Amino acid sequence: MAIFRKPGHSVRHGPAPERRAGRRVARDLADLVEGAERPVGAWQAAEDRAERGRGLVANLARLLGTGGRAAVKGAAFGGRALTEQLVQAAPRIPVRSLATLRAQHPGAADPEQLADLLVLGAARASSALGAGVGAAAMLPMPPAMPVEIAAETLAVAAVELKLIAELHEVYGVPATGSVTQRAAAYLGAWADRRGIDVALLARPAGFATLALGAEVRRRLRHRLARSSLRRLPSVTPLLVGAGIGATVNRRDTRRLAGEVREDLRRRRPADPGYWGAAGA
């Protein structure tokens, strides 16, 4: 499995316990997505995903809480702190290579069928995360909702970032460069709701100088702010909150996937024989 950040790679920001917790949450998110792609009993699978979604949101909320009250307050509605959390998390998100994806889904005969499965899994995972925050509002002593919303926003962004990266693998136009440069390219794609910048594909050397500048961070803050505000209804009391959160997330992830896929279909793969080579 390809990953943005290699195991054991050092990160200079934050104390070691937070780094370990961040890697653990990234792995759990990846497991949630990949498990959601498997065809199992619908009711049992949905219940299991909802339970895992609640646990992931709670774990990420605790991780955000360790950053201090000011950071959490800033993160609650897409501020700079939440943007930096996503930027720091992006290189840790596990991304599967096309060869791995084809091995895990041998029944997918072409890129479109494989992409359909990836979108299904990501939408189910996003739905489970949305239900997690809505269910948290039902607790006798609910957690601080701004932190829960921030946690859900980050988790769904991570699921969608993973989806975008793997769709690029499926359509034969993956980012190149270092772990950090690839993560930066996919963050820009997520912020813009399309494939990675075509100029980078035309001039692959551009990945070597790619950095997350002020403009990309501004677009990320804008996207995160909109995502946070759309999740406010999911913290309403009782089960209606869980239902709203699940529906909004599932619909938004599917819409994002549709926009990215439409863009990627118009692009020419870097290697015309990439699909067959990955299945060999």
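Treat the numbers as computed from the prediction; the structure is a model and nothing was measured. In what follows, residues are counted from 1 in the order of the sequence shown.
Other residues, nucleotides and ligands place no more than 12 heavy atoms under 6.0 Å from the CD atom of Glu262.
A heavy-atom distance below 4.5 Å is not found between the side chains of Arg182 and His168. Inter-residue side-chain proximity for Val159 and Leu163 is flagged as unmet; no heavy-atom pair is nearer than 4.5 Å. Looking at Ile196 and Arg267, their side chains come closer than 4.5 Å, going by heavy atoms from C-beta outward. Here the side chains of Trp190 and Leu256 are in contact, with some heavy-atom distance below 4.5 Å.
With rounding to the nearest 0.5 angstrom, the CZ atom of Arg193 is 14.0 Å from the CZ atom of Arg219. Between atom CG of residue Asp192 and atom CD of residue Glu259 there is a gap of 11.0 Å, rounded to the nearest 0.5 Å.
Applying the side chain to side chain donor-acceptor pair (under 3.5 Å) test to Arg265 and every residue at least two apart in sequence or in another chain returns Glu112.
Across every non-hydrogen atom of Thr83 and Arg221, the tightest pair is OG1-CG, 2.8 Å. Counting all heavy atoms, side chain and backbone alike, Ser127 lies closest to Arg250 at OG-NH1, 3.0 Å. For the residue pair Tyr171 and Pro269, the shortest heavy atom distance occurs at O-CG, 3.9 Å. The heavy-atom pair separating Leu220 from Leu187 by the smallest distance is CD2-O, 3.7 Å. Asp263 approaches Gly195 most closely through the heavy-atom pair OD2-N, 2.7 Å. Considering every non-hydrogen atom in both Val170 and Pro111, the closest pair reads CG1-O, 3.3 Å.
Pairs passing the side chain to side chain donor-acceptor pair (under 3.5 Å) check and including a residue from residues 268-280, sequence neighbours excluded, do not occur.
Between the side chain of Glu169 and the backbone N or O of Ser97 there is no donor-acceptor pair closer than 3.5 Å.
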For residues 113-122, tabulate all N or O donor-acceptor pairs below 3.5 Å that involve a side-chain atom, not counting sequence neighbours.
{"unit_1": "Gln113", "atom_1": "OE1", "unit_2": "Ala109", "atom_2": "N", "d": "3.0"}
{"unit_1": "Asp116", "atom_1": "OD1", "unit_2": "Arg261", "atom_2": "NH1", "d": "2.9"}
{"unit_1": "Asp116", "atom_1": "OD1", "unit_2": "Arg261", "atom_2": "NH2", "d": "3.0"}

